[in-house]
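The shown structure was predicted, so the numbers you read here are calculated from the model rather than taken from an experiment.
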Amino acid sequence: MRAVVQRVNGAKVVVDGDTVGEIVGQGLCVLVGVTHEDTVAKAAQLARKLWSVRILEGEKSCSDLDAPLLVISQFTLYGDARKGRRPTWNAAAPGEIAEPLVDEVVAQLRALGAHVETGRFGADMKVSLTNDGPFTVLLEV
């Protein structure tokens, strides 16, 4: 699994004009990509890392501050544009594999006590955020 994690001061996801997920104030906006070899165990590992990674202001974590997370599925994290001008998506897991694993990341975060908002899997999502810093890191498990 791969996650692009952005420290934000507010973020939201809009689908067909309706806000489907939104966090206010300090938190993390997390784009999650799934590849073929990913498992429920990797989803749990990613959730623990997201909850405890110290990238919020003052080197704090979401668990330290009870800060919210906005988790959004993002198959394009496994795009490969090394050849030609058009990326390939071969490394990205198909929806029937990816969706339950993204849902598992969310479920594991909630089990840890996190407030989690989400996008809508497979939808045309409009994501807006205020990147705080800017501060963006890539996590892989």
Side-chain angles (χ1 to χ4, degrees), residues 1-83 85-141:
M1 296 189 103
R2 191 176 279 173
V4 172
V5 183
Q6 298 174 84
R7 182 175 71 188
V8 299
N9 188 8
K12 71 178 180 177
V13 178
V14 175
V15 176
D16 295 328
D18 294 323
T19 299
V20 297
E22 181 174 17
I23 60 173
V24 178
Q26 185 172 212
L28 298 178
C29 181
V30 183
L31 307 176
V32 177
V34 178
T35 192
H36 302 279
E37 298 81 30
D38 288 333
T39 63
V40 170
K42 284 188 177 184
Q45 182 182 4
L46 179 60
R48 288 190 303 272
K49 177 65 98 174
L50 291 169
W51 187 230
S52 63
V53 66
R54 297 183 173 280
I55 61 172
L56 295 178
E57 191 173 336
E59 294 187 8
K60 302 286 186 182
S61 67
C62 286
S63 65
D64 293 331
L65 302 175
D66 200 27
L69 299 95
L70 176 60
V71 176
I72 304 163
S73 63
Q74 187 71 38
F75 79 92
T76 62
L77 294 182
Y78 280 100
D80 184 353
R82 289 179 287 184
K83 294 181 182 179
R85 298 180 299 162
R86 190 175 307 157
T88 63
W89 314 111
N90 297 336
E96 59 271 10
I97 293 170
E99 185 174 11
L101 289 174
V102 173
D103 289 346
E104 185 65 20
V105 171
V106 171
Q108 291 288 330
L109 279 164
R110 288 179 176 152
L112 292 167
H115 171 82
V116 184
E117 295 284 323
T118 65
R120 186 173 298 154
F121 192 91
D124 180 18
M125 296 179 274
K126 307 301 181 206
V127 180
S128 61
L129 57 92
T130 301
N131 193 315
D132 184 11
F135 199 110
T136 302
V137 296
L138 176 64
L139 298 178
E140 291 196 67
V141 295

Atom of [X], atom of [Y] and distance for their closest heavy-atom approach:
{"X": "R2", "Y": "L138", "result": "CG-CD1, 3.5 Å"}
{"X": "L56", "Y": "A67", "result": "CD1-CB, 3.7 Å"}
{"X": "H115", "Y": "E117", "result": "NE2-OE2, 3.2 Å"}
{"X": "A114", "Y": "W51", "result": "CB-CZ3, 3.3 Å"}
{"X": "V24", "Y": "P68", "result": "O-CG, 4.3 Å"}
{"X": "C29", "Y": "V8", "result": "CB-CG1, 3.8 Å"}

Checklist entry - L129 and I23: side chain to side chain contact (heavy atoms under 4.5 Å, CB included), yes or no, with the steps? => result CA-CA 9 Å; L129 57 92; I23 60 173; over 6 Å; no
Point-to-point distance, once rounded to the nearest 0.5 Å, from [atom1] of [X] to [atom2] of [Y]:
{"X": "I55", "Y": "Q6", "atom1": "CD1", "atom2": "CD", "result": "9.5 Å"}
{"X": "R48", "Y": "L109", "atom1": "CZ", "atom2": "CG", "result": "10.5 Å"}
{"X": "M1", "Y": "E140", "atom1": "CE", "atom2": "CD", "result": "11.5 Å"}
{"X": "C62", "Y": "Q26", "atom1": "SG", "atom2": "CD", "result": "8.0 Å"}
{"X": "Q108", "Y": "L50", "atom1": "CD", "atom2": "CG", "result": "11.5 Å"}
{"X": "L70", "Y": "T118", "atom1": "CG", "atom2": "OG1", "result": "7.5 Å"}

Checklist entry - Picking from V34, T35, V4, what satisfies side-chain contact (heavy atoms from CB on, under 4.5 Å) with L77? => result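 It is V4; the other options fail the test.
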Checklist entry - Step by step, would you call T76 with L31 a side chain to side chain contact (heavy atoms under 4.5 Å, CB included)? => result CA-CA 10 Å; T76 62; L31 307 176; over 6 Å; no
Checklist entry - Should we count CD of E59 as having more than 12 external heavy atoms under 6.0 Å? => result no
Next on the checklist: In the structure I gave you, are the side-chain heavy atoms of V30 and I72 within less than 4.5 Å of one another anywhere?
Outcome noted: no
Checklist entry - Between S61 and D64, does a side-chain hydrogen bond (donor to acceptor under 3.5 Å, both in side chains) hold up when you go through it step by step? => result CA-CA 5 Å; S61 67; D64 293 331; 3.2 Å; yes
Next on the checklist: Set out, in order, the CA-CA distance, both residues' side-chain angles and the distance that settles side chain to side chain contact (heavy atoms under 4.5 Å, CB included) for L101 and V40, then state yes or no.
Outcome noted: CA-CA 6 Å; L101 289 174; V40 170; 4.1 Å; yes
Checklist entry - Does H36 use its side chain to pair, donor to acceptor, with the backbone of N90 at less than 3.5 Å? => result yes
